[in-house]
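This is a predicted model, so every value here is computed, not measured. Each residue takes its place number in the sequence, starting with 1.
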Amino acid sequence: MAERSTAAVDVADNSDETSLTAQADQSTADGVAKNRERDTDSDEVQESTRTDGPGKTSPPELHSGHKLARRYRLEECVTRLDGFSSWRAVDEKLRRAVGVHILPADHSRARSVLAAARSSALLGDPRFVQVLDAVEENDLVYVVHEWLPDATELTTLLASGPLEPYDAYQMVSQIASAMAAAHREGLAHLRLNPNAVLRTSTGQWRIRGLAVNAALRGVASDTPQRTDTEAIGALLYAALTQRWPYESDAYGLSGLPKDIGLIAPDQVRAGVHRGLSELSMRALVNDGATASRHESPCTTPEELVKAIGEMPRIRPPEPAFTAPPEYQRTSYQQGTYGRQAPRPGATQPVPTPPPPLQSRTGRALKWAVSGLLIAALGLGSWQLADALMDQGGKSEDPGQTQTNDGNDKSPKKPASGKPITISGARDFDPFGDQTEKPSDIGKVYDNSTATYWQTDFYLSADFGRLKPGVGIILDLGKTQQVGKVTVTFVGDTSVELRSASADAGSEPTSFDAYTKVAEGTGTKVELKPGKSLKSRYLLVWLTDLPIQADDGKWRGRVADIKVTS
């Protein structure tokens, strides 16, 4: 039995502070959030890390519905602690859920939080929950990060029992390699605990709060690599045993019995994988106080990755095989396949079936079918001859006058489409801020190509990768037959014509309510539906923008739209 290490596991103890976690429903526009952002200091253990004094500035008085940068709408406060607050929010520009940490700009840790967030964002490793924005604005500092509604915290996974050996192996392998990459870039976590580790629906493990969570709480360590390595060992220990490898209970897990020190996972729980048990001890007891059966300790994530690579690979469990149902013979089977197997040595007479249609009934049936065929052929020949004679008589009838007027023999040309009056139009930006230059929308149907409506400017032709497009909804006044829509642009533009259903009683406001019926590219595009179309509401949807030479920015410009039947 080894002595317990004194290296830090999570963060500084702040058990005198209370986490004010909101209990509201976790549903978001992207799904049900399973990874509530928590700060459970009462579950955490004080070891050798040091913590700066808490900021003296009280957290800003924010509320649900408050907007940051006219973009991030706060939805639910999930933590309010130590001078900062953490929120679930909605990015209204990209229509997705995000997480936001907020603290006053004069908070003692504001500068370090900004620096940590920007350093973490530069890493760009997909194994970490990404920092999306780090801003100081209006006396506030806020950090915006990804919110993964399809991911589950390790805390939640362990509530139902320890992980299977293969899952535990995948977790420690992915977490260790991710932290090794972060430390190569000079970044440490220092608060790597079951709340910070998430498993996505695809089985990938991701780490939340790299550098930022420690900066928010003022956590520091003289040996950051050793601190993070021991934290990984604690995660693996908990995954194997469903116990926290210290005396204190934490993260919904029971601690080890007091006064017995740190014992190996396979001594805590029967059936624990021996190799993973030793690996967790090498990471946890990294001051050399290892049991005799253990190899040298791992003090950095790189050493832990190397130790994992030297282990025999743990393969996923074999899928359960379900035996197919017993084969059942059907009444349609004939011949020897439908009979029971004869007993050995027994002779079974097999009656020979008569040739088909050789009985009296069969012969009568053959004659009846033959007679019907002869009658049908005779009737068809007589009708054909009669039709040919009628046609010849008409052509030789002296009372009939033949003309050479080609108009009588050729099909009539369809009448050209009639113009349809556009009774109204409005801008349509469902994937952005819901508005796109509405003041100029009337210029698209003023019968002049000298004026135009234009979009906002973007940094690339694909709308800066912010949205799939923008458009204009046309109101034809009533449901009408639409034959063609002609759109004149300033610059080559890619466009789609979409239509609401003919029975739409009012203008649809959802993009999914419009069905694509035609598309094209150019400066003057004729959009003709592939089949008959009746509708009152049409959507001219721009999907690609031309660059404008005057300022170098990307905009779409619609000079004129005409609709014909």
Enquirer: For Ala239 and Met171, work out which heavy atoms get closest and say how close.
Expert: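 Closest pair (atom of Ala239, atom of Met171, distance): CB-CE, 4.2 Å.
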
Enquirer: Can you tell me if Lys528 has over 12 outside heavy atoms packed within less than 6.0 Å of its NZ?
Expert: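 No, NZ of Lys528 has 12 or fewer neighbouring heavy atoms, counting only those of other groups under 6.0 Å.
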
Enquirer: Checking Ser119 side chain against Ala115 main chain: does a donor-acceptor pair fall under 3.5 Å?
Expert: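 Indeed, once roles are kept as given, a pair shorter than 3.5 Å links the two residues.
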
Enquirer: Going through the checks in order, is the side-chain hydrogen bond (donor to acceptor under 3.5 Å, both in side chains) test met by Tyr72 and Asp133?
Expert: CA-CA 11 Å; Tyr72 305 111; Asp133 211 350; 3.3 Å; yes

Enquirer: Report yes or no: does Asp228 contribute a side-chain atom to a donor-acceptor pair with the main-chain N or O of Leu190 at less than 3.5 Å?
Expert: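 At least one qualifying donor-acceptor pair exists.
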
Enquirer: Regarding Glu302 and Arg184, does a basic nitrogen lie under 4.0 Å from an acidic carboxylate oxygen?
Expert: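 Yes, charged N to carboxylate O under 4.0 Å.
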
Enquirer: Under the salt bridge (charged side-chain N to carboxylate O under 4.0 Å, His left out) test against Asp91, which residue among Arg71, Arg70, Arg73 passes?
Expert: Arg71

Enquirer: Tell me, with the steps shown, if Asp560 and Thr488 meet side-chain hydrogen bond (donor to acceptor under 3.5 Å, both in side chains).
Expert: CA-CA 5 Å; Asp560 188 57; Thr488 303; 4.8 Å; no

Enquirer: Can you list the steps and then say if Asp446 with Lys443 is a salt bridge (Lys or Arg N to Asp or Glu O under 4.0 Å)?
Expert: CA-CA 5 Å; Asp446 61 357; Lys443 297 177 180 179; over 6 Å; no

Enquirer: If you compare all heavy atoms of Thr509 against all heavy atoms of Phe428, which two are closest, and at what distance to 0.1 Å?
Expert: O-CE1, 3.5 Å

Enquirer: Would you kindly say whether Ser494 and Thr521 are connected by a side-chain donor-acceptor distance under 3.5 Å?
Expert: yes

Enquirer: Find out whether Lys524 and Glu526 are in side-chain contact, i.e. whether some heavy atom of one side chain is under 4.5 Å from a heavy atom of the other.
Expert: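 A side-chain contact is absent here, since even the closest heavy-atom pair is not under 4.5 Å.
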
Enquirer: Using 0.5 Å steps for rounding, measure from the OG1 atom of Thr435 to the CG atom of Asp429.
Expert: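 One gets 7.5 Å once the value is rounded to the nearest 0.5 Å.
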
Enquirer: Check this for me, if you would: do Glu146 and Arg208 make a salt bridge, where the nitrogen-to-carboxylate-oxygen distance has to be below 4.0 angstrom?
Expert: no

Enquirer: Are side-chain heavy atoms of Tyr169 and Arg313 found at a separation under 4.5 Å?
Expert: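 Result yes, sub-4.5 Å side-chain heavy-atom pair found.
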
Enquirer: Taking side chain to side chain contact (heavy atoms under 4.5 Å, CB included) as the criterion, tell me which of Val444, Asn447, Val487 meets it with Lys562.
Expert: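 Per the side chain to side chain contact (heavy atoms under 4.5 Å, CB included) rule, the option paired with Lys562 is Asn447, out of Val444, Asn447, Val487.
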
Enquirer: Check whether any side-chain N or O of Arg109 sits under 3.5 Å from a backbone N or O of Leu216 as a donor-acceptor pair, and report yes or no.
Expert: yes

Enquirer: If the condition is side-chain hydrogen bond (donor to acceptor under 3.5 Å, both in side chains), which residues does Arg127 pass it with, not counting sequence neighbours?
Expert: Asp125, Ser177

Enquirer: Locate the shortest heavy-atom distance separating His145 from Val100; write the atom from each residue and the value.
Expert: NE2-N, 4.1 Å

Enquirer: Measure from the side-chain N and O atoms of Asn138 to the backbone N and O of Leu140, and report whether any donor-acceptor pair falls under 3.5 Å.
Expert: no

Enquirer: Set out, in order, the CA-CA distance, both residues' side-chain angles and the distance that settles side-chain hydrogen bond (donor to acceptor under 3.5 Å, both in side chains) for Ser86 and Thr79, then state yes or no.
Expert: CA-CA 5 Å; Ser86 298; Thr79 301; 4.7 Å; no

Enquirer: Check whether any side-chain heavy atom of Val98 sits under 4.5 Å from a side-chain heavy atom of Val90, and report yes or no.
Expert: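 No; the side chains remain at least 4.5 Å from each other.
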
Enquirer: Quick one: does Thr564's side chain have a donor or acceptor within less than 3.5 Å of a partner on Lys418's backbone?
Expert: no

Enquirer: Ignoring hydrogens, what is the shortest heavy-atom contact between Asp462 and Asp544? Give both atom names and the distance.
Expert: N-OD1, 4.0 Å

Enquirer: Less than 3.5 Å apart, any donor N or O on the side chain of Glu136 or Tyr142 sitting next to an acceptor on the other?
Expert: no

Enquirer: Would you sort out whether Lys437 and Asp427 count as a salt bridge (Lys or Arg N to Asp or Glu O under 4.0 Å), showing the intermediate values?
Expert: CA-CA 7 Å; Lys437 303 290 186 184; Asp427 59 309; over 6 Å; no

Enquirer: Please answer whether the main-chain N or O of Ala450 pairs with a side-chain N or O of Ser448 as donor and acceptor at a distance below 3.5 Å.
Expert: yes

Enquirer: Is a side-chain N or O of Arg206 found less than 3.5 angstrom from the main chain of Pro126, in a donor-acceptor match?
Expert: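 Pair found, side chain donor or acceptor close to backbone of Pro126.
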
Enquirer: Considering non-hydrogen atoms only, spot the tightest contact between Ser499 and Leu533 and give its length.
Expert: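 Minimum heavy-atom separation between Ser499 and Leu533: OG-CD1, 3.4 Å.
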
Enquirer: Output every pair passing ring-ring contact (aromatic ring centres under 6.0 Å, His included) with a member in residues 460-487, not counting sequence neighbours, ordered by first then second residue.
Expert: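 Listed by first then second residue: Tyr458-Phe463.
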
Enquirer: Could you check whether any side-chain N or O of Ser535 sits under 3.5 Å from a backbone N or O of Ala500, counting only pairs where one atom can act as donor and the other as acceptor?
Expert: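 Answer holds: yes.
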
Enquirer: Measure the CG-CG distance between Leu497 and Leu474 for me, rounded to the nearest 0.5 Å.
Expert: 8.5 Å

Enquirer: Looking at side-chain heavy atoms only, is the closest gap between Arg555 and Tyr452 below 4.5 Å?
Expert: no

Enquirer: Tell me if the centroids of the rings in Trp541 and Phe511 come within less than 6.0 Å of each other.
Expert: yes

Enquirer: Could you go step by step and tell me if Arg426 and Asp475 meet the salt bridge (Lys or Arg N to Asp or Glu O under 4.0 Å) rule?
Expert: CA-CA 9 Å; Arg426 76 170 183 88; Asp475 183 358; over 6 Å; no

Enquirer: Checking side-chain hydrogen bond (donor to acceptor under 3.5 Å, both in side chains) for the pair Ser532/Gln481: CA distance, chi angles, key distance, verdict?
Expert: CA-CA 8 Å; Ser532 177; Gln481 184 75 36; 2.8 Å; yes

Enquirer: Per the side chain to side chain contact (heavy atoms under 4.5 Å, CB included) rule, which among Val143, Leu74, Val144 passes with Ile102?
Expert: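 Single pass found, and it is Leu74.
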
Enquirer: Heavy-atom distance under 4.5 Å between the side chains of Thr421 and Tyr445, does that happen here?
Expert: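 SC-SC contact between Thr421 and Tyr445 ruled out.
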
Enquirer: For a 4.5 angstrom cut-off between non-hydrogen side-chain atoms, does Val495 reach Thr543?
Expert: no

Enquirer: Would you give the length of the straight line joining atom OG of Ser173 to atom CH2 of Trp205, rounded to the nearest 0.5 angstrom?
Expert: 12.0 Å

Enquirer: Main chain of Gly556, side chain of Gln454: is a donor-acceptor contact present, judged purely on distance under 3.5 Å?
Expert: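 No; zero donor-acceptor contacts below 3.5 Å.
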
Enquirer: Between Lys67 and Glu92, is the salt bridge (Lys or Arg N to Asp or Glu O under 4.0 Å) condition met? List the steps.
Expert: CA-CA 10 Å; Lys67 283 189 183 180; Glu92 293 187 333; 2.6 Å; yes

Enquirer: For the NZ atom of Lys484 and the CG atom of Leu527, what is their distance to the nearest 0.5 Å?
Expert: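 Going from the NZ atom of Lys484 to the CG atom of Leu527 covers 10.5 Å.
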
Enquirer: Please check if the side chain of His189 supplies one atom and the backbone of Leu192 the other of a donor-acceptor pair under 3.5 Å.
Expert: yes

Enquirer: Which atom pair, heavy atoms only, marks the closest approach of Ile314 to Tyr166?
Expert: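 Closest pair (atom of Ile314, atom of Tyr166, distance): O-CD1, 3.3 Å.
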
Enquirer: Out of curiosity, Asp150 CG to Arg199 CZ, how far, rounded to the nearest 0.5 Å?
Expert: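 Interatomic distance, Asp150 CG to Arg199 CZ, rounded to 0.5 Å: 12.0 Å.
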
